[in-house]
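For reference, the structure discussed in these notes is given below.
To find a chain, count down the sequence lines: A is the first, B the second, and so on, and within it residues start at 1.
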Amino acid sequence: GAVVSQHPSWVICKSGTSVKIECRSLDFQATTMFWYRQFPKQSLMLMATSNEGSKATYEQGVEKDKFLINHASLTLSTLTVTSAHPEDSSFYICSARDLTVEQYFGPGTRLTVT
Amino acid sequence: GEDVEQSLFLSVREGDSSVINCTYTDSSSTYLYWYKQEPGAGLQLLTYIFSNMDMKQDQRLTVLLNKKDKHLSLRIADTQTGDSAIYFCAESTDDYKLSFGAGTTVTVRA
């Protein structure tokens, strides 16, 4: 149990376009979903916290107008990278939490902006 | 989040015990976690410990917490080649926002 999926697993886009990444909890309802960013050989950095039906809260330094987060249901959250630039290239990972302590991570989405 | 630090590399012989160390600075940390990340994959929760506990054991894994020194360790007994991965230490308060260390790359040699 406790599986989190992400789609797509990798995406290449041109500079200036927007990309949407989906995060789904497959077998549980996620009260909260988190979005992280991981640079090569570095740790995960929390970008934002997403609660179903409410606005996401962003960490300091993360542009909310650039990284749009929608948490439409208890099993789906989306991250849209708007007007992507090469510096947005990264590994984006979501996690989902039910009512317990444990947080379950998706497999990640590799974004490359050319 | 607050700072979480861990050593970057650990090499261990197959069959020996591995010990990965982590320090953190947030005195209000409620939960401390160990995650495993294999190449190209997401993070897998190995275990977590409440800040009011000193030790937690789960099969080959033993977590020790020294809250006074803000020091966390993960011991893997009888290390196997499948244990080669990056291990992340993380902490959170009651908001469950995770602050991660940089990760320790564990290499198991035959």
Seminar exercise, completed: Bottom line for A/Leu44: the part with an atom under 4.5 Å from chain B's heavy atoms is both

For this session: Tell me, for B/Leu45 versus chain A, whether the close heavy atoms (under 4.5 Å) come from the side chain, the backbone, both or neither.
Result: side chain

For this session: With side chain to side chain contact (heavy atoms under 4.5 Å, CB included) as the test, would you mind laying out the steps for B/Leu10 and B/Tyr87 before giving the verdict?
Result: CA-CA 10 Å; B/Leu10 175 67; B/Tyr87 291 81; over 6 Å; no

Exercise. What part of A/Gln60 lies closer than 4.5 angstrom to a heavy atom of chain B: side chain, backbone, both or neither?
Worked result: neither

For this session: Using non-hydrogen atoms and a 4.5 Å limit, figure out which bit of B/Gln37 sits close to chain A: side chain, backbone, both or neither.
Result: side chain

Exercise. Is the closest side-chain donor-acceptor distance between B/Ser73 and B/Asn21 under 3.5 Å?
Worked result: no

For this session: Quick one: closest heavy-atom pair of B/Val12 and B/Ser17, and the distance?
Result: CG2-O, 3.6 Å

For this session: Mind ranking A/Gln38, A/Met45, A/Gln6 by heavy-atom pairs under 4.5 Å with chain B and telling me who comes out on top?
Result: A/Gln38

Problem set entry | Closest non-hydrogen atom pair between A/Ala84 and A/Val81, with its separation | CB-CG1, 4.1 Å

Exercise. Centroid-to-centroid, A/Tyr92 to A/Tyr36, below 6.0 Å?
Worked result: no

Exercise. In terms of heavy-atom proximity below 4.5 Å to chain A, should B/Tyr96 be classed as side chain, backbone, both, or neither?
Worked result: both

